[in-house]
Amino acid sequence: MHLSRRTVLTSMVAAAAAPRWSFAADERRILVVYYSYTGHTGAVAEKLRALLGADLFEIQMRDPYPLDMQRAAEQSKYELETGELPPLFDGLPNLSKYDLILVGGPVWWNTITPPVMSFLEHTDFGGRKVAPFATYVLEPAHYERNFAAQARSASLLSSLMISEFEVTERLADKAIASWALKNLPKDGPQAL
Ligand SMILES: Cc1cc2nc3c(=O)[nH]c(=O)nc-3n(C[C@H](O)[C@H](O)[C@H](O)COP(=O)(O)O)c2cc1C
């Protein structure tokens, strides 16, 4: 069978561009869960979704933080100090169909942001592989250690920590891809 040069080149480009993790839609076993206040973690979550062929779930608060950042800061500080975590919008994801769950949020007050803490409080990962990711301005500080302490029954993979600067300057794509290549199972659902 003779294949035209164009056909060969087209299939080569398609193969090179195909994410190594993109499974058929009905076989998806990766979930990206995230909370984002100003959009940076949301942008990372969306990139992970596209790269991995994953499903996406946004953690939403029943009463979202005020848009006034000062007030949001005060409220979240109070929640962290008192342990009175904010209630979430009804309906958490059904984790039973996933083998790998990525959980992301911004670093707030050197730790996990309260809505992500609420999510963790209501979640038992049942031994599934879990990879935390976060965005920050200065440093991730205690985020990873606290996440490990709060992610119940998680088999933890290395985390992805991305600065807000990398996201806004469009420098995050390479860091996300190399983190995924290094840390996530690569051969599809059977390797998860
Ligand atoms: C209330 C509040 C507290 C924050 N605390 C920290 C912090 O302790 N360390 C840090 O590096 N960045 C901190 N930041 C910056 C955020 O982590 C950073 O802007 C992040 O990329 C925001 O993600 P988002 O756009 O998904 O909400 C804080 C931001 C807010 C609003």
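Counting convention: from 1, in listed order, for ligands and their atoms alike.
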Backbone or side-chain N or O of G42 under 3.5 Å from ligand 1 N or O: no
Whether Y65 and W108 hold their rings parallel, tilted or perpendicular, with breakpoints at 30° and 60°: tilted
Do Y98 and D55 have side-chain N/O donor and acceptor atoms under 3.5 Å apart? yes
Is the backbone N or O of E166 less than 3.5 Å from a side-chain atom of S163, with the two atoms forming a donor-acceptor pair by type? yes
From CG (L157) to CZ (F133), nearest 0.5 Å: 13.0 Å
Using a strict 4.0 Å cut-off to heavy atoms of S36, name the atoms of ligand 1 that fall inside it. 24 (P), 25 (O), 26 (O), 27 (O)
My understanding is that we take every heavy atom of each candidate and find the minimum distance to atom 16 (C) of ligand 1. Doing that for V167, T38, T168, V107, which one comes out nearest? V107
Short list, please: which atoms of ligand 1 are under 4.0 Å from a heavy atom of Y37? 24 (P), 26 (O), 27 (O)
Give yes or no for whether the N/O distance cutoff of 3.5 Å, strictly under, is met between G39 and ligand 1. yes
Quick one: nearest non-hydrogen protein atom to atom 22 (C) of ligand 1, plus distance? P106 CB, 3.6 Å
Okay, side chain of T123, backbone of F125: is any donor-acceptor separation there less than 3.5 Å? no
Identity and separation of the nearest protein heavy atom to atom 21 (O) of ligand 1: T135 OG1, 2.7 Å
Test D173 against K47 for salt bridge (Lys or Arg N to Asp or Glu O under 4.0 Å), laying out the working first. CA-CA 7 Å; D173 292 21; K47 284 185 196 308; 3.2 Å; yes
Looking only at protein heavy atoms, identify the closest one to atom 12 (N) of ligand 1 and say how far it is in Å. V137 N, 3.3 Å
Please tell me whether E164 and T135 have a donor and an acceptor in their side chains that are separated by less than 3.5 angstrom. no
Here the atoms of ligand 1 under 4.0 Å from any heavy atom belonging to A73 are 1 (C)
Which is closest to atom 7 (C) of ligand 1 by heavy-atom distance: T113, L138, N110, I162? N110
Looking at P106 and T41, what are the two nearest heavy atoms and their distance? N-OG1, 3.5 Å
min-distance protein heavy atom vs atom 19 (O) of ligand 1 -> E164 OE1, 2.4 Å
Residue part near ligand 1, for E139, under 4.0 Å between non-hydrogen atoms: backbone
Heavy atoms only: which of W108, Y35, Y34 is nearest to atom 31 (C) of ligand 1? W108
Are the side chains of F147 and L120 in touch, meaning some heavy atoms are under 4.5 Å apart? yes
In ligand 1, the atoms that come under 4.0 Å of a heavy atom of T41 are 23 (O), 24 (P), 26 (O)
Within a strict 4.5 Å, meaning less than it, do heavy atoms of the E79 and P86 side chains meet? yes
Atom 5 (N) of ligand 1 - nearest protein heavy atom and its distance: W109 N, 3.0 Å
